[in-house]
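Each remark here refers to the structure printed beneath this line.
Keep in mind that this is a model prediction, so the values were computed, not measured. In each ligand, atom 1 is the first atom listed, and ligand 1 is the first ligand listed. Excluded from the calculations below are hydrogen atoms, water molecules and symmetry mates; all remaining heavy atoms, backbone and side chain alike, are included.
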Amino acid sequence: MTKRYAVILAAGQGTRMKSSLYKVLHPVLGRPMVQHVIDNIKSIDVDQIVTIVGHGSDSVMAYIGNDSEYVLQEEQLGTGHAVIQAEKLLGDKEGTTLVVCGDTPLIRQETFEQLLEYHEKEGAQATILTSRAEDPTGYGRVIRHPEKGVERIVEHKDASEEERLVDEINTGTYCFDNKTLFKALKQISNDNAQGEYYLTDVIEIIKKDAGKIAAYLTPDFDETLGVNDRVALQEAERILKERINRKHLLNGVTIIDPLTTYIHPDVKIEQDAIIHPGSIIKGKSIIKKHAEIGPYTEIVNCTVGEHTIIKQSVARDSVIGSGVQIGPYAHIRPETNVEDEAKIGNFVELKKATIGKHSKVSHLSYLGDASVGDHVNVGCGTITVNYDGKRKHVTTIEDDAFVGCNSNLIAPVTIGKRAYVAAGSTITDDVPAEALSIARSRQTNKEGYVNQLKSRKK
Ligand code: UD1
Ligand code: CA
């Protein structure tokens, strides 16, 4: 089998992004563009991946990690100059090299595979992945000769008026016979409008050297979008969002309004889940069967159980059981565990808290560093006073306890099984099982006080 290599170009600053963040690290649905490229390349059969880094190399390498080898392009003198940097790792190898730009995050694994197959079937020395653009401005144009096929790529800035009318664009992805590529790169110059060493020039060089050039035209321009500025970044976000939403719809997930629903790539959603408008589901979240998310809800890295409903809420890094109801307007912060059939109502904040089965925290409460058993009722306005200014302490509320409204539970403290806390209590000591604790001053009524006050004023 022919060996396959991939070179990913990710050294540019991305001036047109007007950003302090390096271009290829700009996220599309939460994942840096270059990571999308690497992930798709990884899923095809390649023997070696080399990423060319320059601007922000440390952060780019930190993101990609061990998925690639790296070569530093110290000065960014053009895409051709970038590929030359890989010569020390790949130059003398036999095989096929896929070159991909780090700013084309939407090209799918299938398209890379089709390109490679086409290249090998055609027996070409170079195959360009091309597409037809409604507005090709800014892209390199693929210049074909009526009989001799693809002749060269001309960059927009170097193109004549006539060449600019060509709508077949270079997507920036190519297959090359590896040795032919590095040989041709030795001949490129920077004699062009941008004063750069263009990778695209190798096409004409290989052609003149009697090499065979092929072009694989993919029907979907959207997939080949190159992100140079934030207008394109936003388009990439829209296109990927549509692609992901469509996949979930076809898998049996109801998405009421795909236009306002953002589901990140690693999210898993089971059949018959319903996603309401304005929902954003991020990270490695799992939404199980018949769960309902939204409207207007953000879920990050959470597991949400079957038949659970979460409305107008924010939840992060937590596990939520089945048959749970959350919201509207709840905030589930990291390391929270809401067990089956529990109810978390409006304006409740949970942090590092376990809420046991069938327990209710229905209104206006803060439970942090708390362990709440099963069938507990936490009254409106209950607060775990978990922080003494230096350290955090744990509150434990055992099964079947009842905490009256507006109680302060000063941690560390335990409310025993089936115990009662009277409303308005500030609990500083453990409450034994089955006891009633009242920790508030007694009420005094002063009869006729108002009239006494009036006569005093006179
Ligand atoms: C490039 C192509 C153009 C194609 C378009 C597709 C060239 C000369 N032009 O243009 O034909 O239509 O992509 O999107 O190749 N990079 C480096 N080092 C450098 C320069 C660039 O690593 O010295 C990287 C960038 O980080 C980027 C990629 O190469 O990820 C493409 O560079 P960019 O400047 O965006 O090229 P385009 O002008 O878009
Ligand atoms: Ca580009």
Side-chain angles (χ1 to χ4, degrees), residues 7-17 19 21-26 28 32-38 41 50-57 59-61 64 68 70-86 99-107 126 128-133 135-143 150 152-159 163-164 166-174 176 181 185 188-205 215 218 221-233 235-236:
V7 176
I8 292 152
L9 309 185
Q13 159 81 49
T15 317
R16 290 165 281 182
M17 296 298 281
S19 175
L21 182 65
Y22 307 108
K23 176 163 77 172
V24 296
L25 290 182
H26 274 266
V28 176
M33 291 200 272
V34 67
Q35 186 72 57
H36 281 283
V37 174
I38 298 266
I41 296 286
V50 178
T51 303
I52 314 298
V53 292
H55 279 285
S57 53
S59 18
V60 174
M61 291 191 290
I64 301 173
S68 173
Y70 302 94
V71 184
L72 186 67
Q73 184 193 20
E74 278 178 30
E75 263 188 295
Q76 286 69 49
L77 303 179
T79 48
H81 179 259
V83 179
I84 291 174
Q85 312 308 307
V99 178
V100 189
C101 294
D103 64 351
T104 51
L106 303 178
I107 302 176
I128 313 160
L129 179 69
T130 73
S131 67
R132 284 195 197 287
D135 176 11
T137 309
Y139 288 95
R141 309 296 206 284
V142 177
I143 307 301
V150 176
R152 60 198 173 90
I153 296 169
V154 58
E155 287 306 292
H156 181 90
K157 287 191 178 147
D158 300 285
E163 286 167 336
R164 285 186 183 179
V166 173
D167 69 349
E168 185 178 8
I169 60 123
N170 166 30
T171 65
T173 294
Y174 327 74
F176 293 100
L181 168 66
L185 280 169
I188 60 174
S189 81
N190 61 353
D191 180 18
N192 52 52
Q194 304 187 78
E196 287 183 3
Y197 293 90
Y198 292 162
L199 172 61
T200 45
D201 284 356
V202 300
I203 298 299
E204 195 175 1
I205 294 166
T218 143
F221 168 76
D222 278 357
E223 199 182 321
T224 65
L225 181 79
V227 177
N228 296 324
D229 58 26
R230 305 217 195 201
V231 175
L233 183 67
E235 274 170 42

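- Close approach to Gly140 involves these atoms of ligand 1, each under 4.0 Å from a residue heavy atom: 3 (C), 4 (C), 11 (O), 12 (O).
- Residue contacts with ligand 1: Gly78 is placed with a nitrogen or oxygen under 3.5 Å of a nitrogen or oxygen of the ligand (distance criterion only).
- Atoms of ligand 1 lying under 4.0 Å from any heavy atom of Ala82, numbered from 1 in the order shown and given with element: 17 (C), 18 (N), 22 (O).
- Residue contacts with ligand 1: Thr200 is placed with no nitrogen or oxygen under 3.5 Å of a nitrogen or oxygen of the ligand (distance criterion only).
- Residue contact check: Arg16 has heavy atoms under 4.0 Å from atoms 34 (O), 35 (O), 38 (O) of ligand 1.
- Not a single donor-acceptor pair under 3.5 Å links the side chain of Arg132 to the backbone N or O of Asp167.
- Heavy atoms of Gly54 come nearer than 4.0 angstrom to ligand 1 in no pair at all.
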### Message
Please evaluate residues Leu25 and Val60 with respect to the criterion side-chain contact (heavy atoms from CB on, under 4.5 Å), reporting the C-alpha separation (whole Å), side-chain torsions for both, the decisive distance (0.1 Å), and the verdict.
### Response
CA-CA 7 Å; Leu25 290 182; Val60 174; 4.1 Å; yes

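- The ligand atoms of ligand 1 that sit less than 4.0 angstrom from a heavy atom of Lys23 are 35 (O).
- As for Asp103, its N/O/S atom nearest the Ca ion (ligand 2) is the one called OD2.
- In this structure, Leu9 and Ala82 approach most closely via the heavy-atom pair CD2-CB, 4.0 Å.
- With hydrogens and angles ignored, the 3.5 Å screen pairs a side-chain donor or acceptor of Arg164 with a backbone N or O of His156.
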### Message
Evaluate Tyr70 against Ile64 for side-chain contact (heavy atoms from CB on, under 4.5 Å), listing each step before the verdict.
### Response
CA-CA 10 Å; Tyr70 302 94; Ile64 301 173; 3.1 Å; yes

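- The closest non-hydrogen atom to atom 26 (O) of ligand 1, taken over Ser131, Ala232, Pro136, Gly12, comes from Gly12.
- Of the heavy atoms in Glu196, none comes closer than 4.0 Å to ligand 1.
- For atom 20 (C) of ligand 1, the nearest protein heavy atom lies closer than 4.0 Å.
- Note on ligand 1: Ile52 sits outside its first shell, no heavy atom being nearer than 4.0 Å.
- The main-chain N or O of Gly226 is never found under 3.5 Å from a side-chain atom of Asp103 such that the two would form a donor-acceptor pair.
- Contact annotation: for Ala11 versus ligand 1, heavy atoms closer than 4.0 Å belong to both the backbone and the side chain.
- Among the backbone and side-chain atoms of Thr104, no N/O/S atom is found under 3.0 Å from the Ca ion (ligand 2).
- Ser131 and Thr224 are linked by a side-chain donor-acceptor pair at a separation below 3.5 angstrom, with hydrogens and angles left out of the test.
- Proximity of a side-chain donor or acceptor of Thr130 to a complementary backbone N or O of Glu168 within less than 3.5 Å is not detected.
- Considering backbone and side-chain N/O of Thr104, none are found under 3.5 Å from N/O of ligand 1.
- Contact annotation for atom 36 (O) of ligand 1: protein absent (non-hydrogen atoms, distance under 4.0 Å).
- Using a 4.0 Å cut-off between heavy atoms, Leu77 contacts ligand 1 through its backbone alone, with no side-chain atom that close.
- Residue-level proximity to ligand 1 for Ile169 is absent, since no heavy atom of it falls below 4.0 angstrom.
- A distance-only check finds a donor-acceptor pair linking the side chain of Asp229 to the backbone of Ala232 [under 3.5 Å].
- The distance from ligand 1 to the heavy atoms of Asn228 drops below 4.0 Å at these ligand atoms: 35 (O), 39 (O).
- Of the candidates Met33, Glu75, Glu155, it is Glu155 that places a heavy atom closest to atom 10 (O) of ligand 1.
- The Gln76 neighbourhood of ligand 1 comprises atoms 19 (C), 23 (O), with distances under 4.0 Å to a heavy atom of that residue.
- Ranking protein heavy atoms by distance to atom 29 (O) of ligand 1, first place goes to Leu9 CB, 3.4 Å.
- The main-chain N or O of Ile205 is never found under 3.5 Å from a side-chain atom of Asp201 such that the two would form a donor-acceptor pair.
- Ring planes of Tyr139 and Phe221: perpendicular class, angle over 60° (limits at 30 and 60°).
- Between the Arg141 side chain and the Ile169 main chain, no donor and acceptor come within less than 3.5 Å of each other.
- For ligand 1 and Thr171, the ligand atoms under 4.0 Å from any heavy atom of the residue are 6 (C), 14 (O).
- With hydrogens and angles disregarded, no donor-acceptor distance shorter than 3.5 Å links the side chain of Thr200 to the backbone of Ile153.
- Taking only non-hydrogen atoms, the option from Ile153, Val227, Thr79, Val142 nearest to atom 8 (C) of ligand 1 is Thr79.
- Remark: ligand 1 atoms within the under-4.0 Å shell around heavy atoms of Cys101 are 28 (C), 31 (C).
- Looking at ligand 1, you'll find an N or O of Gln73 within less than 3.5 Å of one of its N or O atoms.
- The protein atom (non-hydrogen) at minimum distance from atom 12 (O) of ligand 1 is Asn170 O, 2.6 Å.
- The two residues Pro105 and Val28 have their closest heavy-atom pair at CG-CG2, 4.2 Å.
- Scanning all heavy atoms of the two residues, the minimum distance from Ser68 to Thr51 falls at OG-OG1, 2.7 Å.
- At a heavy-atom distance under 4.0 Å, no atom of His81 approaches ligand 1.
- Contact between Ile188 and His81 at its shortest, heavy atoms only, is CD1-N, 4.3 Å.
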